[in-house]
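FYI, side chains are in, hydrogens and waters are out, and symmetry mates aren't considered; it's all heavy atoms of this structure.
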Amino acid sequence: MSTDPRTGAVPLAAGYRRDHEVHPPLDYPGYASTALRHPKRPLQLLPHMLTEVTGPVLGEDRIGETDNDLTAQHEAEPQGQRIIVHGQVRDGDGTPVPHTLIEIWQANAGGRYRHTGDNWPCPLDPNFSGVGRTLTDENGRYRFVTIRPGAYPWGNHDNAWRPAHIHFSLFGRAFTQRLVTQMYFPGDPLFFQDPMWNSIPDEKARQRLVARFDYANTAPEWALAFEWDIVLRGRESTVFESEADDD
């Protein structure tokens, strides 16, 4: 089977659609790691089994009281600017999507992840694990308290620094695939040289990954607030790292 001349990737199986005018190509030369991640063989459609038909079990009863507050998971508070990140999950018609499991992970204020593969010489914060989770409420809304992550070097190209960002993972009963994306902060000076950002051909789609500074929900003398809504599909959909199962 021949490759797509625009993306260099193999064609997607029938039933899967990817808007190449909006979403980044699976193999983007400016982001070197994509060469190792994109599929090399044609995708195969698998029949739905009982698990997909009945929907995932989200394990609501396993979510702890501090899972959505990354500043309260240890004996002391972490270093950095405390922030509130909140928003709404909606479908393509603008309808809120309740009971969606949202998980986040991020670097600490100095730009370092608590991960064995992260050897950037910035201290780890003993009071910050960088992971959290919550469920959207009946109105599709979510809320996290965390610290603003720092930029970090990542060696993708000369003098490469990733803009500050928070990774998001979504599981829901309205869709059967895990959706992964990331939220950026407004006005970041590193957008111009970030291959992940620049791989998205649609400027409007890029901007949908940027949170809005939310002064109205900023807590006086305590935390800044940012609002970021996530749209699962449609013309205003959030850019995800994997295909949305919208068939």
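Atom CD of Gln88 and atom OG1 of Thr95 lie 9.5 Å apart (nearest 0.5 Å). The structure places CZ of Arg112 at 4.0 Å from CG of Leu124, a figure rounded to the nearest 0.5 Å.
The two residues Pro39 and Leu26 come nearest to each other via the heavy atoms CD-CD1, 4.2 Å. Residues Asn108 and Ile147 share a closest heavy-atom pair of C-CD1, 3.8 Å. Heavy-atom minimum distance, Met183 versus Phe168: CB-CE1, 3.8 Å. The two residues Ala225 and Phe213 come nearest to each other via the heavy atoms O-CD1, 3.4 Å. Of all the heavy atoms in Tyr142 and Ile230, the pair that sits closest is CE2-CD1, 4.5 Å. Listed here is the closest heavy atom pair of Pro98 and Thr136: C-OG1, 3.1 Å.
Side-chain atoms of Glu241 and Thr181 include no donor-acceptor pair closer than 3.5 Å. With no hydrogens or angles considered, no side-chain donor-acceptor pair links Thr238 and Arg208 at under 3.5 Å. No donor-acceptor contact under 3.5 angstrom links the side chains of His157 and Tyr31, judged on distance only.
Linking ILVMFWY side-chain heavy atoms closer than 4.5 Å, directly or via other members, places Ile84 and Val210 in two distinct hydrophobic clusters. Under a hydrophobic-cluster definition in which Ile, Leu, Val, Met, Phe, Trp and Tyr are linked whenever side-chain heavy atoms come within less than 4.5 Å, directly or via other members, Val239 and Trp228 are assigned to the same cluster. Residues Val231 and Val89 fall into different hydrophobic clusters, defined by Ile, Leu, Val, Met, Phe, Trp and Tyr side chains chained together at heavy-atom separations under 4.5 Å. Two different hydrophobic clusters hold Phe128 and Trp222 under the rule that ILVMFWY side chains link at heavy-atom gaps under 4.5 Å.
Annotation: ring pair (Phe, Tyr, Trp, His ring centres under 6.0 Å) contacts of Trp197 (sequence neighbours excluded): Tyr184, Phe191. Remark: Asp91 engages no residue in a salt bridge (Lys or Arg N to Asp or Glu O under 4.0 Å) (not counting sequence neighbours).
Shown here is Gln207, whose CD atom has more than 12 heavy atoms of other residues, nucleotides or ligands within 6.0 Å. More than 12 heavy-atom neighbours from other residues, nucleotides or ligands sit within 6.0 angstrom of NE2 on His74. Sparse packing is recorded around CD of Glu65, with 12 or fewer heavy atoms of other residues, nucleotides or ligands lying under 6.0 Å away.
When side chains are defined from C-beta on, Met196 counts as touching Gln182, because their heavy atoms get closer than 4.5 Å. A heavy-atom distance below 4.5 Å is not found between the side chains of Val145 and Ile83. At a threshold of 4.5 Å between non-hydrogen side-chain atoms, the residues Arg206 and Leu209 do not count as touching. Residues Ile166 and Pro149 meet the side-chain proximity criterion, which asks for heavy atoms closer than 4.5 Å. Between Leu101 and Ile63, some side-chain heavy-atom pair lies under the 4.5 Å cut-off. In this structure, the side chains of Leu232 and Leu170 come closer than 4.5 Å at one or more pairs of heavy atoms. The shortest side-chain heavy-atom distance between Glu103 and Val131 does not fall under the 4.5 Å cut-off. With contacts defined as side-chain heavy-atom distances shorter than 4.5 Å, the pair Arg62/Arg133 qualifies.
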For Asp137 and His99, what are the C-alpha separation, side-chain angles and deciding distance, and is it a side chain to side chain donor-acceptor pair (under 3.5 Å)?
-> CA-CA 6 Å; Asp137 64 15; His99 313 307; over 6 Å; no

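With Asp27 contributing its side chain and His38 its backbone, the two residues share no donor-acceptor pair below 3.5 Å. Between the side chain of Trp120 and the backbone N or O of Gly111, at least one donor-acceptor pair lies under 3.5 Å.
His165 pairs in a ring-ring contact (aromatic ring centres under 6.0 Å, His included) with only one of the listed residues (Phe185, Tyr152, Phe226, Trp105), which is Tyr152.
Both the sub-6.0 Å distance and the 45° axial angle are satisfied by Arg162 relative to the ring of Trp154.
Between Glu227 and Arg141, at least one side-chain nitrogen of the basic residue sits less than 4.0 Å from a carboxylate oxygen of the acidic one, meeting the salt-bridge criterion.
Sorted by first and then second residue, the salt bridge (charged side-chain N to carboxylate O under 4.0 Å, His left out) pairs with a member in residues 69-82 read Glu77-Arg82; sequence neighbours excluded.
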